[in-house]
Amino acid sequence: FKRLGGRDGFQLFQTVCKMKKPAVVFKRELFSDLRMDSVFPLPFSVNVSRVPILPFCPEKKHKVLFWAVESSPIRKEVFKLLKEYKAEAIKKMKIANSAAYNLSYIPTISFIGISGGVALGNVTKDDDIDFFVITKKKKLFMTRFWILCLLEWMDLRRKRTDTTAANKVCVNLLLDETELAWPKSKQDIYIAHEIIQLKPLFERNGMYKRLLASNEWVSKFLPNSIQKQQTLIGKRWHTDYYGLRGISAFFSLRPLELLLQKLQQRYMKKHKTTEIVSNTFLAFHPNDYRTKTLQLLRSKYEQFGLLTNL
């Protein structure tokens, strides 16, 4: 405990242990002559699959306590940023939950999830909120139309011309439920991470599970990622929409869907930059982080002589 506050740090740790005895302690490094029951080395680069499943606590949930001391200027700054990001992420999650709750009234939406910085808790006050939406078969453009209408009504819609859009909702990815699997040409570590980091807010008919099952290829890049599904916040929202089916039946008529598809695609064509537009897939990204991130990773891999396929 010399690095972690000396005697005062040790006494504080003892106090915490008396309140609730830890089942397991993971230490970043251990001395070679140190042998203690329930204490395991856990370096920063550990592969989770190598951590033994402890026989005395299988399938049991535990609270995790991260113990560190703000001992250096860099570490103090890191903790400060983490606290700020966490506070902003909580604020934006409340906005996202409210928006998703209202959008769940749209009967042609099968899934709503949060992507981007909010999903990771890594945001500043000026960031927007990215939504990932899956729609029912052949209802992509009709659904997008109603989403934009509702977000406009809630004053949460991020517009194409917005340069700053703090706390606005950007629906930057929409999929038809028939196109859940990513094409092989787009299967890389960046897209794998985007899928895994999704925070599901709402679904109908087990769509979140279907999305993961359709993209099992992500385990090639992130082998420890699909071990546990995240909890759905809006599990009991408007999954049954009997009162809306009559209205939905009219507005979901195929001729109307085709008309909206034609009008939206014509508008998008005038302003197209990095967007991806098809009959079953819509991707709107103001900044192409995928290309930049993969280029940076490749340069780092080459720098260190790694032969990893991204």
Side-chain angles (χ1 to χ4, degrees), residues 100 103-115 119 130-151 170-188 190-221 225-226 229-230 232 234-235 237-242 244-245 247-269 272 274-285 290:
L103 292 178
S104 69
Y105 278 103
I106 302 174
T108 53
I109 288 181
S110 296
F111 174 82
I112 302 173
I114 297 181
S115 60
D130 295 327
F131 270 16
F132 177 108
V133 175
I134 300 174
T135 73
K136 291 191 176 296
K137 182 180 179 180
K138 297 182 179 180
K139 300 292 185 295
L140 183 66
F141 292 90
M142 171 59 69
T143 305
R144 180 174 181 267
F145 172 76
W146 287 117
I147 288 174
L148 296 181
C149 288
L150 274 177
L151 290 178
C170 176
V171 186
N172 58 14
L173 197 59
L174 296 98
L175 301 178
D176 185 295
E177 65 180 3
T178 60
E179 295 290 335
L180 298 181
W182 245 256
K184 289 187 176 181
S185 61
K186 300 290 184 180
Q187 293 180 8
D188 52 47
Y190 182 87
I191 297 299
H193 183 261
E194 288 292 298
I195 293 174
I196 292 304
Q197 77 172 14
L198 275 175
K199 281 194 176 297
L201 298 179
F202 171 77
E203 71 169 352
R204 288 188 172 99
N205 303 320
M207 186 53 67
Y208 178 53
K209 187 175 181 179
R210 287 174 56 189
L211 173 67
L212 296 181
S214 299
N215 292 280
E216 292 182 341
W217 58 268
V218 303
S219 61
K220 296 178 181 179
F221 297 96
S225 57
I226 309 183
Q229 295 185 34
Q230 299 191 52
L232 274 164
K235 189 174 183 180
W237 290 352
H238 309 292
T239 53
D240 295 325
Y241 48 93
Y242 300 107
L244 297 173
R245 285 185 177 179
I247 299 175
S248 174
F250 172 76
F251 285 108
S252 297
L253 292 173
R254 187 60 180 161
L256 194 55
E257 166 71 15
L258 293 174
L259 174 62
L260 285 171
Q261 175 181 334
K262 187 174 182 180
L263 292 174
Q264 291 182 49
Q265 287 182 336
R266 181 179 297 177
Y267 176 80
M268 294 172 192
K269 188 175 181 180
K272 187 174 182 180
T274 59
E275 296 85 358
I276 301 174
V277 179
S278 74
N279 295 341
T280 56
F281 185 96
L282 297 175
F284 308 96
H285 296 97
R290 175 175 175 265

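The first residue in the sequence is number 1, and the count goes up from there.
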Does the side chain of [Y] come within less than 4.5 Å of [X]'s, by heavy atoms?
| X | Y | result |
| --- | --- | --- |
| N172 | F131 | no |
| I109 | T143 | yes |
| F132 | F111 | yes |
| V171 | R144 | no |
| L103 | V133 | no |
| Q264 | L140 | no |
| L174 | I147 | yes |
| P200 | L211 | no |

Atom [atom1] of [X] and atom [atom2] of [Y]: how far apart are they, to the nearest 0.5 Å?
| X | Y | atom1 | atom2 | value |
| --- | --- | --- | --- | --- |
| F202 | S110 | CZ | OG | 8.5 Å |
| F145 | K139 | CZ | NZ | 15.5 Å |
| L212 | S219 | CG | OG | 11.0 Å |

Between R204 and T108, is there a donor-acceptor pair closer than 3.5 Å when you use the side chain of the first and the backbone of the second? no

Between L175 and M207, is the side-chain contact (heavy atoms from CB on, under 4.5 Å) condition met? List the steps. CA-CA 12 Å; L175 301 178; M207 186 53 67; over 6 Å; no

Shortest non-hydrogen separation from [X] to [Y] and the atoms involved:
| X | Y | result |
| --- | --- | --- |
| S104 | I112 | N-CD1, 4.3 Å |
| M142 | E257 | N-OE1, 2.8 Å |
| L201 | A100 | CD1-CB, 3.6 Å |

Passing option when V218 is tested against I195, I191, D188 for side chain to side chain contact (heavy atoms under 4.5 Å, CB included): I195

Show your reasoning for whether side chain to side chain donor-acceptor pair (under 3.5 Å) applies to N215 and Q187. CA-CA 9 Å; N215 292 280; Q187 293 180 8; 5.7 Å; no

Under 3.5 Å, which donor-acceptor pairs do the side chains of residues 177-185 form with other protein atoms, sequence neighbours left out?
from	atom 1	to	atom 2	distance (Å)
E177	OE2	K137	N	3.1
T178	OG1	D176	OD1	2.7

Under the criterion side-chain contact (heavy atoms from CB on, under 4.5 Å), I'd like the reasoning laid out for F141 against L258: C-alpha separation, chi angles, the key distance, then a yes or no. CA-CA 8 Å; F141 292 90; L258 293 174; over 6 Å; no

